[in-house]
Amino acid sequence: ELPESWADMQEPLLEGMCFTLKYLGMTLVEKPKGEDMAAAAIRRIVATARVGARKFQKVILTVSPRGISLQDADTKEMVENVSIYRISYCTTDKLQNKVFAYVAQSQESGALECHAFLSPKKKIAQAVTLTVAQAFQMALDLWEATHAGK
């Protein structure tokens, strides 16, 4: 349950806000951002996920001004760490409104990847999206603050 003023709370975000989600999968995308691109990518991921009928990996997604980190909820093993500077887009899908997705450039291949996650409630998917947007803003503010004196 998020407090009403959660958008004004910067301290928890510096440490990292955690969300428990189910990882639906990943698909490659052509463009770094855009609603239509993201919606199409999410449709592909969801369609593939439905066909697979496997159990989805439960992950703890932590958002901070450094980026997004993914940890397996059961084993606590680190799955991935994505720098905020490699993330080009994040969204809550309009149709699949419990799905949060982000687009990031792969560190290994340089390809653009769209990763999608299922949240228990629409409100949580929106909260993750807003938190990532907030993390972007904080990272930018911190970057500008460190470069202002130069």
Side-chain angles (χ1 to χ4, degrees), residues 1-140:
E1 197 60 20
L2 294 166
E4 282 300 314
S5 63
W6 77 277
D8 306 322
M9 303 171 4
Q10 291 206 332
E11 289 76 31
L13 185 55
L14 280 170
E15 298 303 307
M17 298 276 284
C18 297
F19 301 92
T20 303
L21 306 169
K22 288 181 179 163
Y23 184 59
L24 294 176
M26 180 276 287
T27 188
L28 295 175
V29 290
E30 298 291 313
K31 293 189 292 203
K33 50 177 152 297
E35 216 170 287
D36 296 344
M37 169 281 300
I42 291 167
R43 273 198 306 274
R44 286 198 306 271
I45 292 168
V46 170
T48 306
R50 282 202 176 119
V51 170
R54 60 183 166 76
K55 217 168 161 263
F56 299 114
Q57 183 181 20
K58 209 171 175 188
V59 294
I60 298 166
L61 185 140
T62 306
V63 179
S64 77
R66 289 182 300 282
I68 293 176
S69 72
L70 298 173
Q71 191 182 28
D72 186 292
D74 301 324
T75 66
K76 303 291 181 240
E77 197 177 307
M78 188 55 71
V79 179
E80 192 170 17
N81 225 330
V82 186
S83 163
I84 194 102
Y85 301 108
R86 291 204 341 248
I87 301 167
S88 57
Y89 191 73
C90 74
T91 186
T92 304
D93 194 59
K94 280 188 172 60
L95 297 168
Q96 315 269 350
N97 60 18
K98 289 183 184 173
V99 175
F100 159 77
Y102 70 84
V103 175
Q105 190 173 23
S106 164
Q107 213 167 356
E108 290 80 41
S109 66
L112 292 169
E113 302 174 342
C114 178
H115 295 265
F117 302 84
L118 182 64
S119 67
K121 291 192 187 90
K122 174 175 120 181
K123 247 187 148 143
I124 293 172
Q126 291 168 338
V128 179
T129 305
L130 289 170
T131 305
V132 173
Q134 222 183 336
F136 267 120
Q137 192 54 55
M138 279 178 75
L140 178 65

Do [X] and [Y] have side chains that get closer than 4.5 Å, going by heavy atoms?
X: Val59; Y: Lys22; result: no
X: Leu70; Y: His115; result: no
X: Leu140; Y: Gln137; result: yes
X: Val29; Y: Arg44; result: yes

Heavy atoms only: give me the nearest [X]-[Y] pair and the separation to one decimal.
X: Thr91; Y: Ala38; value: CG2-CB, 3.8 Å
X: Phe136; Y: Ile87; value: CZ-O, 3.3 Å
X: Ala135; Y: Ser64; value: CB-O, 3.5 Å
X: Ile84; Y: Pro65; value: CG2-O, 3.3 Å
X: Ser88; Y: Pro32; value: OG-O, 2.5 Å
X: Lys31; Y: Val103; value: O-CG1, 4.3 Å

Using 0.5 Å steps for rounding, measure from the [atom1] atom of [X] to the [atom2] atom of [Y].
X: Ser83; Y: Ile68; atom1: OG; atom2: CD1; answer: 10.5 Å
X: Thr129; Y: Asp93; atom1: OG1; atom2: CG; answer: 10.0 Å
X: Ile42; Y: Phe100; atom1: CD1; atom2: CZ; answer: 9.5 Å
X: Asn97; Y: Lys123; atom1: CG; atom2: NZ; answer: 13.0 Å
X: Asp74; Y: Ile60; atom1: CG; atom2: CD1; answer: 8.5 Å
X: Leu118; Y: Ile45; atom1: CG; atom2: CD1; answer: 12.0 Å

Open item on the list: Go through it in stages, so that I can follow the logic: the residues are Val132 and Tyr102, the test is side-chain contact (heavy atoms from CB on, under 4.5 Å), and I'd like the CA-CA distance, side-chain angles, deciding distance and then a yes or no.
Closed with: CA-CA 9 Å; Val132 173; Tyr102 70 84; 6.0 Å; no
- [ ] Carefully, step by step, assess Gln107 and Asn81 under the rule side-chain contact (heavy atoms from CB on, under 4.5 Å).
- [x] CA-CA 10 Å; Gln107 213 167 356; Asn81 225 330; over 6 Å; no
Open item on the list: Would Glu30 and Met37 count as a side-chain contact (heavy atoms from CB on, under 4.5 Å) here? Give the steps.
Closed with: CA-CA 8 Å; Glu30 298 291 313; Met37 169 281 300; over 6 Å; no
Can any side-chain N or O of [X] pair as donor or acceptor with the backbone N or O of [Y] at less than 3.5 Å?
X: Arg86; Y: Ala104; answer: no
X: Ser119; Y: Lys98; answer: yes
X: Thr92; Y: Ala125; answer: yes
X: Gln71; Y: Lys76; answer: yes

Task: Residues which pass side chain to side chain donor-acceptor pair (under 3.5 Å) with Gln96, listed by chain and number, not counting sequence neighbours - done: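 Result, side chain to side chain donor-acceptor pair (under 3.5 Å) vs Gln96: none returned.
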Open item on the list: Between Leu130 and Gln134, is the side-chain contact (heavy atoms from CB on, under 4.5 Å) condition met? List the steps.
Closed with: CA-CA 6 Å; Leu130 289 170; Gln134 222 183 336; 5.8 Å; no
Task: Qualifying ring pair (Phe, Tyr, Trp, His ring centres under 6.0 Å) pairs, either residue in residues 60-96, two or more places apart - done: none
